*Asks:* 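Quick one: structure below, then a few questions.
Only a predicted model underlies this, so the values are computations on that prediction, with no experimental measurement involved. Residue numbering restarts at 1 for every chain, and letters A, B, ... go by the order of the sequence lines.
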Amino acid sequence: MTALAFLLGFLVPALAGWLIVTRTEGRTAVLLRAERIALGLLFGLDLVALGAFWITFATGSPLTLSTFLFAPAATILILGARAWTHRPSRSAEPPPSPRPPRLAAFLLAVLSALAMAKILFAGVTFLFLTPTYLDDTLDNWNLRGKVYFVDQAMTLALPKEDPVESVRSISSYPPMVPLIKAWLASLAGEWNEPLINAPHLAWFGIVLVLLYCSLRRATTIGWAALGTYALAALPLYVMHGTNPYADVFVSVHVFAAISLLYHAGRQSDTVRAHAFLRLAGLAGALLPFTKNEGLLVFLPPLLLLAGWTLWRLSVRKILTRADLLRTLLWFALPLLAVAGPWLAFKWMNGMTFGNAKPFTSLGFGWQQGVVIAIVINTFFEGNWLLLFPLLFALLALRWRAAFTRHLALTAYFAVIYFGQIFLYLFTGLAVEARMQTGYARGLVQLAPTIVLLATMLLWEGRETFADMWTAMTGRKASE
Amino acid sequence: MIRRIALIACLLLVAPIARAGSSLVMDFQGKMPGQWRTLGLTTAESTQYGLRIATDADGYLMREVAFDPDTDTVHLWAASPRPADALLLWHLRGDPDDKIIRLPFTFPASETAQMITLQPDRYDEWRPGDIDQFGFAVPAGTELTVARIETEGRGPLERLAEGVRSALTPDEFRLYSINFLWGPLVVTTPLARQQLYAQMPPFGWSALRLVYALLAFAAIPFLVAVAMRWDKRSRLRACAVFGVAFCALWILFDVRMGGEIASYAAADWKQYVSQPPQTQQLRSHGSLYGVLFAAMPLLQEDERFAAFFDVQQPFEGVIRYYAYPSIPLWPGEDLSGVRTFFVFDRPGFGVDAEGRLHDASGTVLSAPGKILLQFAPHTFVFRAGA
């Protein structure tokens, strides 16, 4: 039964999500095949949770299996019929990729294999073979999922908590992750921990596929593999990806939205730009329903950058005024559909905005000990390998490219990263930096975006690398 | 020419690097090693077993010393009928006479001389090359026999070896591991390495300081090439030196941290996954999960049950989550009407002559009943009315 629940629990959403992605993409393929499947699984799982939330919020229906099944089933029925005639004729083709130097390819292959082995070993052990151990999982993600499943309702007052405080704190988090877990448990008919923890490994796999495809679209196999390996090697990201926490889940949604927007801005073809913008709009609309940071931290700069991207595309005459209006609708309508009911739900239940505490209670003033805590976490611990020294060096050395061709990524990273630092330096959120909790989570949520940016800036120097290789070895590098 | 100079420099460095560590032994068995002055101690007499101290007042012993600058460890052998608090004392040359630095420690109770090891080099105040007075103090009521004091220092090679070993020593999977990972830490003595993660934050400094120093060193050829306006090929080669160094250090760091995460999983396999339920241990929570899962069918027979455990441990979330929809009640809450009691590692809890559960203070907690499942002497499931 568990095996069947596992299969159906992922295949049904994957099919529904694939249909949504395909329909949104349109007839001109812009996504690589693996990318379409990964996005489909991501959006499909989200659809299950969103659909159940919409139904239970609107009608008061219990959270039964049929409530969860309604949205994906309806999607498959409605879109499935048209999918055959409206699907892209084929997937997008990545650019040609010359063979990398043999030594570099071998080294990268070995490192990537070790990284994958480590992820699988850790992921299988922590998610499937050992019980829940970490605080946020016990108090939030798995607990709420179990409560939703057992009660067959979105119970807001969690066991052993003050009913008023519970609603304002833990239950004020968007319920997407707990609902996905409740969906899987409903399929199995029992709360089965390996089953309900499986999405976390799926989200890790999805983000690696999306990053690889995003890089492959703009670079070569070697560079795409390098960036993907870099993300898979980040120790704290691996810990999050192989444990039932929600920050990798947020990171994959953030990455999907900003990377699709970034690629939209790089198009010189109206149809392709439109396709990326529609997909970015859909991905961005999901952010408010991931974690509270999705609405407050990641969505506003995304919308600003979307506006900038639209303006740039219209200046370059890639989008007409009619195109702009259509695109705005593609951003606005999904966002309204997701954020509208969720914000109404929060307002009706007196929920707060913030990291389990209201933003308005934070105060303002210089906070001691934050700078040193941030420096230590970023540069002197085992969390990020040498990613941040590399990134800041690249931003300094390749600042022209960073602030022109890759402005969407650079600006997104800078606004969010330095915006968060500002909050830690001047508000009561400082405790999250001093205790090394919230600051590191913010970086986990941004990690795929940061790796994409760093790899693209490294790619800008590929000719220099090739010259260095030739100067060292006396042989030409093929890329 | 450059290679010859580099070779000579390396040879000149070998002697100081390979210098062995130092030690100073003060043997109190049958004699007083050196000139000790005492103050305040009622009795301090030399015996064949060592210096016997029995005092009704606070007192100390000190003597003049000249430690090797790399002295980092103090071993003390002593026998004491009961645990005895003490202070390691030292005075730094140039400080006022009354400025004595004190490091608290405890002699364990033992019939024969037992060794305890102190690592004063963790503290900035321990500057062995400047110490001119050394000793220890004991409070009133102390009885012990000090057999021997030995100081030890490691040479540069030994420190380097310990530093490498400590940088490769992984942490364990703890509750904070989802928020940060300490990464490679450097300490220079075996004792410090054994206790590396025993206290928070750990002693030791981040090996990343060395990494950044190496990167800065690797950047020198390129900076020289730019400043001296070398030709393009030479500049590229110099830049490649930095690039290779960066890649090598990234890979080393990845292998180190990847090994740590793999060690977390390996430990889980060894202590939990491959174990039968009755012997499963999980990370910092010991046998809680195995016991809880075995007890769960009984706990979930009722809407509410009482749970007793060490409140210093973060077990509430675990019990609440796994027991739901049954609700656990904690000590201090109203237990009336509760018939099932989950007791986890609570010494003093037991069943009295009338069959009632009581806590460590003897307070009766339940109506008469019986223990339905016993996991360990102080870990069981009790049901009233059974």
*Asks:* Check each atom of A:Val147 against the heavy atoms of chain B and say whether the ones under 4.5 Å are side chain, backbone, both or neither.
*Replies:* both
*Asks:* Work out which heavy atom in A:Pro159 is nearest to a heavy atom in B:Ile327; give both atom names and the distance.
*Replies:* CB-CD1, 3.7 Å
*Asks:* Checking heavy atoms, do the side chain of B:Leu249, its backbone, both or neither come under 4.5 Å from chain A?
*Replies:* both
*Asks:* Return the minimal non-hydrogen interatomic distance between A:Glu381 and B:Phe253, and the atom names on each side.
*Replies:* O-CZ, 3.7 Å
*Asks:* Report yes or no: is the cationic atom of B:Arg283 (NZ for Lys, CZ for Arg) under 6.0 Å from the centre of the six-membered ring of A:Tyr133, at an angle within 45° of the ring normal?
*Replies:* yes
*Asks:* Of all heavy-atom pairs between A:Leu134 and B:Phe173, which one has the smallest distance, and what is that distance?
*Replies:* CD2-CE2, 4.0 Å
*Asks:* Run the numbers on A:Leu236 and B:Asn179 for side chain to side chain contact (heavy atoms under 4.5 Å, CB included), then give the verdict.
*Replies:* CA-CA 8 Å; A:Leu236 196 61; B:Asn179 291 322; over 6 Å; no
*Asks:* Taking atom CG of B:Leu208 and atom CZ of A:Phe379, what is their separation to the nearest 0.5 Å?
*Replies:* 11.0 Å
*Asks:* Is chain A contacted by the side chain of B:Arg256, its backbone, both, or neither, given a heavy-atom distance below 4.5 Å?
*Replies:* neither
*Asks:* Below 4.5 Å, heavy atoms only, C-beta onward: do A:Lys160 and B:Leu329 meet side chain to side chain?
*Replies:* yes
*Asks:* Contact part of B:Val244 toward chain A, heavy-atom cut-off under 4.5 Å: side chain, backbone, both or neither?
*Replies:* side chain
*Asks:* Select one option (side chain, backbone, both, neither) describing which atoms of B:Trp330 are under 4.5 Å from chain A's heavy atoms.
*Replies:* both
*Asks:* At a heavy-atom distance under 4.5 Å, which candidate from B:Pro184, B:Ser284, B:Gly259, B:Gly243 has the highest pair count against chain A?
*Replies:* B:Ser284
*Asks:* What part of B:Glu333 gets within 4.5 angstrom of chain A, counting heavy atoms only: side chain, backbone, both, or neither?
*Replies:* side chain
*Asks:* Is it the backbone or the side chain of A:Asp467 that comes under 4.5 Å from a heavy atom of chain B, or both, or neither?
*Replies:* both
*Asks:* Given A:Phe380, which of B:Trp182, B:Tyr212, B:Phe180 fulfils the ring pair (Phe, Tyr, Trp, His ring centres under 6.0 Å) condition?
*Replies:* B:Tyr212
*Asks:* Chain A: which of B:Trp269, B:Phe246, B:Tyr321 shares the most heavy-atom pairs with it under 4.5 Å?
*Replies:* B:Tyr321
*Asks:* Looking at B:Val318, B:Leu282, B:Leu181, which has the largest count of heavy-atom pairs under 4.5 Å with chain A?
*Replies:* B:Leu181
*Asks:* Applying a criterion of heavy atom separation less than 4.5 Å, what residues of residues 105-114 of chain A form contacts with chain B?
*Replies:* A:Leu107, A:Leu111
*Asks:* To check you understand the geometry: which heavy-atom pair defines the closest contact between B:Cys239 and A:Met468, and what is its length?
*Replies:* SG-SD, 3.7 Å
*Asks:* What closest approach, in Å, do B:Arg320 and A:Asp139 show between heavy atoms, and which atom pair accounts for it?
*Replies:* NH2-OD1, 3.1 Å
*Asks:* Give, as side chain, backbone, both or neither, the part of A:Asn142 having an atom under 4.5 angstrom from any heavy atom of chain B.
*Replies:* both
*Asks:* I'd like to know whether A:Met239 forms a side chain to side chain contact (heavy atoms under 4.5 Å, CB included) with B:Ser177, so could you lay out the CA-CA distance, the side-chain angles of the two residues, the decisive distance to 0.1 Å, and finally the verdict.
*Replies:* CA-CA 8 Å; A:Met239 284 300 291; B:Ser177 302; 4.0 Å; yes
*Asks:* Please round to the nearest 0.5 Å and tell me the distance separating atom CG of B:Leu252 and atom CG of A:Leu385.
*Replies:* 11.0 Å
*Asks:* Show which side-chain atoms of residues 215-233 of chain B pair as donor or acceptor with protein atoms under 3.5 Å away, not counting sequence neighbours.
*Replies:*
unit_1, atom_1, unit_2, atom_2, d
B:Asp231, OD1, B:Arg233, N, 3.0
B:Asp231, OD1, B:Ser234, N, 3.1
B:Asp231, OD1, B:Ser234, OG, 3.4
B:Asp231, OD2, B:Ser234, OG, 2.9

*Asks:* Pick from A:Asn243, A:Thr437, A:Asp135, A:Thr137: which one makes a side-chain contact (heavy atoms from CB on, under 4.5 Å) with B:Ile178?
*Replies:* A:Asn243
*Asks:* Quick check on B:Leu185 against chain A: is it the side chain, the backbone, both or neither that has a heavy atom closer than 4.5 Å?
*Replies:* neither
*Asks:* I'd like to know if the side chain of A:Lys118 reaches the main chain of B:Ile261, judged simply by a donor and an acceptor atom lying under 3.5 Å from each other, with no hydrogens or angles considered.
*Replies:* no
*Asks:* Examine whether an atom of A:Ala115 lies under 4.5 Å from a heavy atom of chain B, and if so say whether it belongs to the side chain, the backbone or both; otherwise answer neither.
*Replies:* neither
*Asks:* Could you tell me whether the side chain of A:Leu129 reaches within less than 4.5 Å of the side chain of B:Asp268, counting heavy atoms only?
*Replies:* no
*Asks:* Quick one: do A:Tyr229 and B:Asp254 satisfy side chain to side chain contact (heavy atoms under 4.5 Å, CB included)? Show the steps, please.
*Replies:* CA-CA 11 Å; A:Tyr229 153 72; B:Asp254 177 20; 2.5 Å; yes
*Asks:* B:Tyr272 versus chain A, heavy atoms under 4.5 Å apart: side chain, backbone, both or neither?
*Replies:* side chain
*Asks:* Could you tell me which non-hydrogen atom of B:Tyr322 sits nearest to which non-hydrogen atom of A:Thr132, and how far apart they are?
*Replies:* OH-N, 2.7 Å
*Asks:* Specify which of A:Ala440, A:Pro235, A:Gly123 makes the most heavy-atom pairs with chain B at under 4.5 Å.
*Replies:* A:Pro235
*Asks:* Would you say that more than 12 heavy atoms from the other residues, nucleotides or ligands in this model lie under 6.0 Å from the CE of A:Met116, or not?
*Replies:* yes
*Asks:* Looking at chain A, which one of B:Tyr176, B:Tyr289, B:Phe293 has the largest number of heavy-atom pairs inside 4.5 Å, strictly under?
*Replies:* B:Tyr289
*Asks:* With rounding to the nearest 0.5 Å, note down the distance linking OG1 in A:Thr130 to CD in B:Gln280.
*Replies:* 10.5 Å
*Asks:* Between B:Tyr264 and A:Phe121, does the side chain to side chain contact (heavy atoms under 4.5 Å, CB included) criterion hold? Intermediate values first, please.
*Replies:* CA-CA 10 Å; B:Tyr264 296 169; A:Phe121 183 37; over 6 Å; no
